[in-house]
Amino acid sequence: MTKKRELSIFLIEKIREIVDSKLDKAGKLKGICKLLRDNVSHYDWVGFYLTDNTRENELVLGPFEGKPTEHVRIPYGRGICGQAVELRKTFIVQDVSKETNYLSCSPKVKSEIVIPIFENGEIVGELDIDSHTPSPFTDEDREFLEKVCETVSKLL
Ligand code: SME
């Protein structure tokens, strides 16, 4: 088994423990962000955007780990996060300088992956990861992070 695969299995197990813990929802989401950021070297900013029950067609920033961002609210369709809601699938941008519909948080960010979180077929949030490494995201990242989002879905 590859090192990366072993790490994925270990992290999914840790995430299940966080989900089943006594922490409140925000504490669990924050704990998952920290776990991912601390253990995967190319995950430099890890955060959740959540759908907003009070304002339609907008995502609101939830718990995150990394530098604070000015993008606290993102309308559907705007940026990589907003596009991922409309695509209804994982959106990987290996080189953000080539993406015209992009909301920059820092010039250090070179690439980004956004994974929608579904509950009963509806998008309830997204996991957003920024990387300072160019083209770092593999099929293994996608599969792993989609599994993370399936595990997180019952929290939202
Ligand atoms: N870059 C995102 C905005 C959110 S930050 O990455 C935290 C986007 O284009 O939607």
Side-chain angles (χ1 to χ4, degrees), residues 2-5 7-8 11-12 15 25-26 28-156:
T2 65
K3 278 257 156 64
K4 216 170 169 182
R5 177 103 188 98
L7 179 63
S8 300
L11 292 175
I12 292 286
I15 288 169
K25 178 175 130 183
K28 290 178 185 184
L29 293 177
K30 178 98 174 152
I32 292 166
C33 293
K34 183 164 167 41
L35 181 77
L36 291 174
R37 186 167 180 260
D38 286 352
N39 284 280
V40 185
S41 58
H42 59 289
Y43 295 176
D44 292 291
W45 188 96
V46 180
F48 288 97
Y49 280 93
L50 308 174
T51 50
D52 188 348
N53 295 331
T54 61
R55 280 161 78 165
E56 271 186 25
N57 302 329
E58 224 172 66
L59 294 162
V60 63
L61 181 62
F64 66 93
E65 279 287 314
K67 287 236 170 82
T69 172
E70 64 184 284
H71 303 298
V72 173
R73 289 189 163 271
I74 301 180
Y76 290 4
R78 288 285 316 279
I80 296 171
C81 293
Q83 291 182 80
V85 180
E86 298 194 326
L87 282 172
R88 295 178 62 81
K89 58 178 192 179
T90 299
F91 189 9
I92 297 177
V93 177
Q94 301 282 20
D95 178 356
V96 292
S97 73
K98 298 211 170 92
E99 174 59 50
T100 47
N101 188 357
Y102 171 62
L103 302 169
S104 173
C105 291
S106 149
K108 282 191 181 167
V109 176
K110 299 285 183 278
S111 51
E112 179 163 350
I113 184 168
V114 178
I115 308 94
I117 305 170
F118 293 94
E119 202 190 326
N120 301 322
E122 293 290 311
I123 292 185
V124 288
E126 291 180 344
L127 174 59
D128 178 17
I129 299 179
D130 288 347
S131 179
H132 298 171
T133 307
S135 301
F137 300 115
T138 62
D139 284 344
E140 274 178 309
D141 285 288
R142 177 202 291 269
E143 274 169 35
F144 164 60
L145 293 169
E146 287 177 353
K147 202 170 281 177
V148 170
C149 286
E150 274 170 36
T151 312
V152 166
S153 136
K154 64 177 177 181
L155 283 179
L156 303 182

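Values reported hereafter were calculated over all heavy atoms of this structure, with side chains retained and with hydrogens, waters and symmetry mates removed.
The distance from atom CZ of F118 to atom CD1 of I123, rounded to the nearest 0.5 Å, is 4.5 Å. The CD atom of E150 sits 8.5 Å away from the CD1 atom of I12 when rounded to the nearest 0.5 Å. To the nearest 0.5 Å, the span separating CG on D44 from OG1 on T133 amounts to 6.0 Å. Within the model, atoms OG of S106 and NZ of K67 stand 6.0 Å from one another, a figure rounded to the nearest 0.5 Å. If you take NZ on K30 and CZ on F48, they are separated by 11.5 Å, rounding to the nearest 0.5 Å. Taking SG from C105 and CG from D128, the interatomic distance works out to 7.5 Å, rounded to the nearest 0.5 Å.
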Can you list the steps and then say if T90 with I113 is a side chain to side chain contact (heavy atoms under 4.5 Å, CB included)? CA-CA 7 Å; T90 299; I113 184 168; 3.9 Å; yes

Going through the checks in order, is the side chain to side chain contact (heavy atoms under 4.5 Å, CB included) test met by Y49 and V85? CA-CA 11 Å; Y49 280 93; V85 180; over 6 Å; no

Set out, in order, the CA-CA distance, both residues' side-chain angles and the distance that settles side chain to side chain contact (heavy atoms under 4.5 Å, CB included) for E122 and T51, then state yes or no. CA-CA 10 Å; E122 293 290 311; T51 50; over 6 Å; no

Under the criterion side chain to side chain contact (heavy atoms under 4.5 Å, CB included), I'd like the reasoning laid out for V152 against K154: C-alpha separation, chi angles, the key distance, then a yes or no. CA-CA 6 Å; V152 166; K154 64 177 177 181; over 6 Å; no

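Between the side chains of Y43 and D130, not a single donor N or O lies within less than 3.5 Å of an accepting N or O. Side-chain contact, E99 with Q83: a donor N or O sits under 3.5 Å from an acceptor N or O. Side chains of S135 and K110: a donor-acceptor N/O pair is absent below 3.5 angstrom, by distance only.
What you find for I74 and C81 is that their closest heavy atoms are CD1-CB, 3.9 Å. For the pair V109 and S111, the tightest heavy-atom approach, listed with the atom from each and the gap, is CG1-O, 3.6 Å. Looking at every heavy atom in both residues, C149 comes nearest to L127 through SG-CB, 3.6 Å. Here the closest non-hydrogen pair linking P63 and L29 is CG-CB, 3.6 Å.
In this structure, Q94 and P136 have side chains that are in contact, with non-hydrogen atoms separated by less than 4.5 Å. Using a 4.5 Å heavy-atom threshold, the side chains of L61 and H71 count as separate. Two residues are said to be in side-chain contact when any heavy atoms from C-beta on lie closer than 4.5 Å; Y102 and V93 fail this criterion. Residues E140 and T2 meet the side-chain proximity criterion, which asks for heavy atoms closer than 4.5 Å. F64 is not listed as a side-chain neighbour of T69, based on a closest heavy-atom distance of 4.5 Å or more. Using a 4.5 Å cut-off on side-chain heavy atoms (C-beta onward), L11 and V40 make contact. In this structure, L35 and I32 have side chains that are not in contact, with every pair of non-hydrogen atoms separated by 4.5 Å or more. Under the 4.5 Å side-chain criterion, counting only non-hydrogen atoms from C-beta, D141 is in contact with K4.
In this structure, R73 pairs ionically with E58, as a charged nitrogen and a carboxylate oxygen lie closer than 4.0 Å. Classification of R55 and D52 as a salt-bridged pair fails, no side-chain N sitting under 4.0 Å from a carboxylate O.
Remark: R5 CZ is loosely packed, at most 12 non-hydrogen atoms of other residues, nucleotides or ligands lying under 6.0 Å away. More than 12 non-hydrogen atoms from other residues, nucleotides or ligands lie less than 6.0 angstrom from CZ of R37.
The main-chain N or O of H42 is found under 3.5 Å from a side-chain atom of S131 such that the two form a donor-acceptor pair. The main-chain N or O of G77 is found under 3.5 Å from a side-chain atom of N101 such that the two form a donor-acceptor pair.
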